[in-house]
Amino acid sequence: MKILLIGGSGQLGRAILARWTGEILAPSHETFDINDPAAIATIDGFDMVVNCAAFHNVDTCESQPEAAFATNALAVDRLAAECHERAVTFMTVSTDYVFDGRKGAPYVESDCPHPLSAYGVSKLAGELLVERRNMKAFVVRTCGVYGTNASRSKGTFIDRVITQAKNGEKIRIVNDVVVSPTYAGHLAEAMRKLLDTEAYGLYHVCNAGAVTWYEFAKKALELAGIDHPIEPISSSEWKAAAVRPAYSALASEKLGALGITMPTWAEGIAAYLRDKAS
Ligand SMILES: NC(=O)c1ccc[n+]([C@@H]2O[C@H](COP(=O)([O-])OP(=O)(O)OC[C@H]3O[C@@H](n4cnc5c(N)ncnc54)[C@H](OP(=O)(O)O)[C@@H]3O)[C@@H](O)[C@H]2O)c1
């Protein structure tokens, strides 16, 4: 099994590299830019192409929709086309931000998307461009990804909460935004199992359950053995360029039907803390 992994230096990409077996080639962004059609045209000799690359600074996407569409939609379409032509299996990753949050309950795959942000629109366009080809492809929607190899210098949300608590700082976290935060390690493992099913299509792959960021942060401190208060605040106190859904928890319904179960969001935190410490 020879796999081309795009976005291998990111949180999810690194979790895949740490867990999947087989021959995996993971070129850097510099050597393989998905916005470069000439690079994409060279993807010969692989059995699978897995795309974890994205332009996913949600606020920047608002002012740079062309760049968002280039990476999240048009490049994904070109990758899918090259895979389809070679009968290569393709997997690409999408987002909970394709939903508007009005459902107020975990979204399943059959729910109608309605993105609120340029980022969400660009990711949905990427999904649809793949799906229209009716090819050997998986589109994996996930939510609130955090991994032990976060490339961003700030670290993950959990890291920041723990650091602030250890420093005795005041911590304020929104308590009216509901999500399904997902540990990259669990996501990577489920994606591998999904690839083996050959049951192509759209899937929600998240740690199970719905939680506010405030509840999530509280559980992270509890599991880290840290006793420190967190003040719950409203998202109206948190200004950002892009509008985000107030409720974007996802239920991994189709995955469950295949017999692949996801650990809960609390188990995700525990696994993250364990893996980070090892
Ligand atoms: N993080 C979340 O909370 C979240 C939530 C829902 C869905 N997702 C989706 O999950 C996927 C993985 O996210 P992640 O958190 O692992 O992201 P990440 O840590 O930012 O990693 C993104 C990876 O893509 C690479 N990349 C970016 N633009 C590229 C391009 N034009 N060509 C080639 N490589 C490029 C980056 O390389 P450089 O760093 O070198 O640029 C990096 O290796 C994305 O599709 C994202 O939209 C993420």
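Please read these numbers as outputs of a predicted model, since none were measured by experiment. In this chain, numbering begins with 1 at the start of the sequence shown.
- Looking at heavy atoms from C-beta onward, L17 lies in side-chain contact with I24 at the 4.5 angstrom threshold.
- For the pair S248 (side chain) and P245 (backbone), a donor-acceptor distance under 3.5 Å is absent.
- Side chains of S234 and D176: a donor on one and an acceptor on the other come within 3.5 Å.
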Begin from the C-alpha positions of F69 and V121 and carry the test side-chain contact (heavy atoms from CB on, under 4.5 Å) through to its verdict.
-> CA-CA 8 Å; F69 268 80; V121 175; 3.6 Å; yes

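- The aromatic rings of F138 and Y200 sit tilted relative to each other, their planes meeting at an angle between 30° and 60°.
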Just do the side-chain contact (heavy atoms from CB on, under 4.5 Å) check on I16 and C52 with the steps written out, would you?
-> CA-CA 10 Å; I16 287 174; C52 298; 3.7 Å; yes

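- A distance of 5.5 Å separates CG in L187 from CE in M191, rounded to the nearest 0.5 Å.
- For the atom pair CE of M48 and CG of L4, the computed distance is 12.5 Å after rounding to the nearest 0.5 Å.
- When the side chains of ILVMFWY residues are joined at heavy-atom separations under 4.5 Å, either directly or via intervening members, V140 and W20 end up in a single hydrophobic cluster.
- Residues T156 and D159 have side chains that bring a donor and an acceptor to within less than 3.5 angstrom of each other.
- At most 12 heavy atoms of other shown residues, nucleotides or ligands fall within 6.0 angstrom of atom CG in N134.
- Of all heavy-atom pairs spanning G147 and Q11, the tightest one is N-OE1, 2.9 Å.
- Considering only heavy atoms from C-beta on, P181 comes within 4.5 Å of W213 through its side chain.
- The backbone N or O of V177 sits nowhere less than 3.5 Å from a side-chain atom of T212 that would complete a donor-acceptor pair.
- Under the side chain to side chain contact (heavy atoms under 4.5 Å, CB included) criterion, T261 pairs with no residue, sequence neighbours left out.
- Remark: side-chain polar atoms of T182 are not paired, donor with acceptor, to backbone N or O of G144 under 3.5 angstrom.
- Smallest separation of non-hydrogen atoms from Y247 and G104: CE1-O, 3.5 Å.
- Applying the side-chain hydrogen bond (donor to acceptor under 3.5 Å, both in side chains) rule to pairs touching residues 201-210 yields R141-H204, H186-N207, sequence neighbours excluded.
- With rounding to the nearest 0.5 Å, the separation of CG in N149 from NZ in K276 is 8.0 Å.
- Taking CZ of R19 as the reference point, atom CZ of R14 lies at 13.0 Å (rounded to 0.5 Å).
- Under the side chain to side chain contact (heavy atoms under 4.5 Å, CB included) test applied with D77, the options V130, L129, L128 reduce to a single match, L129.
- The closest side-chain heavy-atom distance from F90 to V76 is below 4.5 Å.
- Looking at D59 and R244, a side-chain N of the basic residue comes within less than 4.0 Å of a carboxylate O on the acidic one, giving a salt bridge.
- Cluster annotation: I43 is not connected to L195 through the hydrophobic network of ILVMFWY side chains, with a link wherever side-chain heavy atoms come within less than 4.5 Å.
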Worked check of side-chain contact (heavy atoms from CB on, under 4.5 Å) between E109 and E253 = CA-CA 7 Å; E109 290 85 349; E253 190 177 74; 3.6 Å; yes

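- Separation of the Y146 and Y272 ring centroids falls under the 6.0 Å cut-off.
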Taking distance alone, no hydrogens or angles, what donor-acceptor pairs closer than 3.5 Å link side-chain atoms of residues 222-233 to residues at least two apart or in another chain?
residue	atom	partner	partner atom	Å
E222	OE2	K219	NZ	3.3
H228	NE2	E169	O	2.6

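- In this structure, H29 and I34 have side chains that are not in contact, with every pair of non-hydrogen atoms separated by 4.5 Å or more.
- Between N51 and L5 the shortest side-chain heavy-atom distance does not fall below 4.5 Å.
- No donor-acceptor pair under 3.5 Å is formed between the side chain of R133 and the backbone N or O of A80.
- F216 and W265 have tilted rings, their planes meeting at an angle from 30° to 60° on a 0 to 90° scale.
- The hydrophobic clustering, which links ILVMFWY residues whose side-chain heavy atoms are closer than 4.5 Å, places V205 and V179 apart.
- The cluster map of Ile, Leu, Val, Met, Phe, Trp and Tyr, joined by side-chain heavy atoms under 4.5 Å apart, puts I269 and I173 in the same cluster.
- Relative orientation of the Y119 and H56 rings is tilted, given thresholds of 30° and 60° on the angle between their planes.
- A cation-pi arrangement is present between K103 and Y107 under the rule of less than 6.0 angstrom and at most 45 degrees off the ring axis.
- For the side chain to side chain contact (heavy atoms under 4.5 Å, CB included) criterion with V49, the lone passing option out of I40, I3, V88 is V88.
- The residues E82 and R86 are annotated as salt-bridged, a charged nitrogen and a carboxylate oxygen being separated by less than 4.0 angstrom.
- Side chain of D196 to main chain of K193: no donor-acceptor pair is present (N/O by atom type, distance under 3.5 Å, no hydrogens or angles).
- In plain terms, the two heavy atoms of T42 and A39 that are nearest each other are OG1-O, 2.5 Å.
- Residue L124 holds its CG atom at 11.5 Å from CG of N72, rounded to the nearest 0.5 Å.
- In this structure, Y183 and P263 have side chains that are not in contact, with every pair of non-hydrogen atoms separated by 4.5 Å or more.
- Residues K136 and E198 are not paired through a salt bridge, judged by the lack of any N-O separation under 4.0 Å between the basic side chain and the carboxylate.
- T142 has its side chain out of reach of T95: every pair of non-hydrogen atoms, C-beta onward, lies at least 4.5 Å apart.
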Intermediate values then yes/no, side-chain contact (heavy atoms from CB on, under 4.5 Å), V178 and V211 = CA-CA 5 Å; V178 181; V211 64; 5.9 Å; no

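- The closest donor-acceptor contact from the side chain of T71 to the backbone of A68 lies at 3.5 Å or more, if one exists at all.
- Ion pair K123/D96 not flagged as a salt bridge, since none of the NZ, NE, NH1 or NH2 atoms sits closer than 4.0 Å to an Asp/Glu carboxylate oxygen.
- Rounding to the nearest 0.5 Å gives a distance of 5.5 Å between CZ of R172 and NZ of K170.
- Shortest non-hydrogen contact noted between A125 and A73 is CB-CB, 3.8 Å.
- Two different hydrophobic clusters hold V174 and Y97 under the rule that ILVMFWY side chains link at heavy-atom gaps under 4.5 Å.
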